[in-house]
Amino acid sequence: MKTVAEVLTQARSAGVDRLDAQLLLCHVLGRSRSWLLANDDVALDATQQQHLSPLIARRASGEPLAYLVGEKEFHGLTLQVSPAVLVPRPDTETLVDWALELLRDTSHPHVLDMGTGSGAIALALKHTCPHARVSALDASDEALAVARANAERLQLDIQLLQSDWWQGVAGQRFDMIVSNPPYIAEGDAHLAALQHEPLQALTSGTNGLDAMHEIIAGARQHLNAGAWLLLEHGHDQAPAVARLLAAAGFSEITTRPDLSGTPRCTGGRRV
Ligand code: GLN
């Protein structure tokens, strides 16, 4: 039987990152990373080895670690994820932090998250800002099931609804709308690295801006006066999103960088 140290060496030669291999071992052994580091001479039993080997192989072929272990940390929450939803990215915490700053001075805002996927943004907002009423929509029933399970497990009371962008919220107005919509151009070379994630959550038309157009076009009539629309977008899309917001009559248009300094979110305020 192989020891923890031998498994790590083997994983490395298969091209799997050391940290990822450690996290897969933690998952299979039901142990913490600190236990693993102190016990690298412990041998796996046959069942553990059988469980681990295909996971290492799947990671080596590019499946996101989050799908293999079934969860991902986002903004201090542990979220369950499946291939029905995009893996929440640290970049998106920029959007959450911005929304939270703006919500700080409001009394009982009603916030809408469009294209919620795992529920990451909506749940992080509700967790840090419990006085907000948070609604979240997604076109995918499978994604909504993941979001609902996360909300229940974390005991965060958010309203989830199936909706193809605005179709399910006709006549409703919100005090803030946030979205991390699909924004990659169809045919973008970057998609090869994302082949395990739902295409519906990633691509949007030939220039990646179809969803952005649709969200921005409908936002005015779903926002109260003075309310913000905050959008995550691709690394080179800030000028295009700012232009769309300006054309739709938004004011105070602002762009924020993510942790790596890339312009990642752009928002505007309904006059
Ligand atoms: N940020 C993701 C990526 O490029 C894409 C997310 C999205 O399309 N909303 O990996």
Side-chain angles (χ1 to χ4, degrees), residues 17 20 59 61-68 71-75 77 79 81-99 111-125 136-140 142-144 146-147 150 163-166 176-219 229-242 244-245 255-267:
D17 211 60
D20 286 2
R59 184 67 199 110
S61 76
E63 249 183 270
L65 183 81
Y67 292 158
L68 302 178
E71 60 184 37
K72 175 79 183 177
E73 292 285 323
F74 180 78
H75 212 275
L77 299 175
L79 297 170
V81 294
S82 80
V85 299
L86 198 73
V87 176
R89 315 285 207 257
D91 297 346
T92 305
E93 293 182 350
T94 300
L95 189 73
V96 171
D97 288 336
W98 189 6
V111 184
L112 175 66
D113 173 22
M114 301 184 74
T116 197
S118 63
I121 297 172
L123 293 167
L125 292 177
L137 59 82
D138 206 286
S140 157
E142 280 178 288
L144 286 168
V146 174
N150 278 320
S163 172
D164 189 359
W165 300 129
W166 300 111
M176 175 182 286
I177 297 176
V178 294
S179 182
N180 171 19
Y183 54 68
I184 301 177
E186 281 162 9
D188 189 303
H190 182 60
L191 289 169
L194 305 173
Q195 59 182 307
H196 295 279
E197 296 187 82
L199 202 58
Q200 185 189 4
L202 289 166
T203 62
S204 189
T206 48
N207 64 0
L209 289 169
D210 283 11
M212 221 63 89
H213 272 278
E214 199 163 335
I215 292 171
I216 293 171
L229 169 64
L230 306 182
L231 298 160
E232 177 176 326
H233 50 69
H235 66 99
D236 55 357
Q237 291 173 332
V241 175
L244 289 173
L245 286 168
T255 293
R256 291 234 173 160
D258 62 23
L259 288 171
S260 70
T262 305
R264 181 58 64 193
C265 302
T266 297

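Counting starts at 1 for both ligands and their atoms, following the listed order.
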Give yes if a backbone or side-chain nitrogen or oxygen of [X] is under 3.5 Å from a nitrogen or oxygen of ligand 1, and no if not.
| X | answer |
| --- | --- |
| Asp91 | no |
| Tyr183 | yes |
| Pro181 | yes |

Under a 4.0 Å N-O cut-off, is there an ion pair linking Arg89 with Glu197?
yes
His75 and Asp97: side chain donor to acceptor below 3.5 Å:
yes
Ligand 1 atoms in contact with Leu86 (distance to a heavy atom under 4.0 Å)
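Once the distances to Leu86 are compared, the set is 6 (C).
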Atoms in ligand 1 with a heavy atom of Ile184 nearer than 4.0 Å
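Going through ligand 1 atom by atom, the ones under 4.0 Å from Ile184 are 4 (O), 5 (C).
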Which heavy atom in Ser179 sits nearest to a heavy atom in Leu95, and how many Å separate them?
O-CD2, 3.7 Å
Closest approach of Pro88 to Phe74 (non-hydrogen atoms, all atoms of both residues):
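Nearest pair, atom of Pro88 first, then Phe74: CB-CD1, 3.7 Å.
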So which heavy atom in the protein is nearest atom 4 (O) of ligand 1, and how far is it from that ligand atom?
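For this ligand atom, the closest protein heavy atom is His190 NE2, 3.1 Å.
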Heavy-atom nearest neighbour in the protein, as seen from atom 10 (O) of ligand 1, with distance rounded to 0.1 Å:
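Protein heavy atom with the smallest distance to atom 10 (O) of ligand 1: Arg89 NH2, 3.0 Å.
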Taking only non-hydrogen atoms of Gly234, do any sit less than 4.0 angstrom from ligand 1?
no
Within-4.5 Å side-chain heavy-atom neighbours: Thr116 and Ile121
no
Tell me, yes or no, whether the heavy-atom count around Glu142 atom CD, taken from other residues, nucleotides or ligands under 6.0 Å, exceeds 12.
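At most 12 heavy atoms, drawn from other residues, nucleotides or ligands, come within 6.0 Å of this atom.
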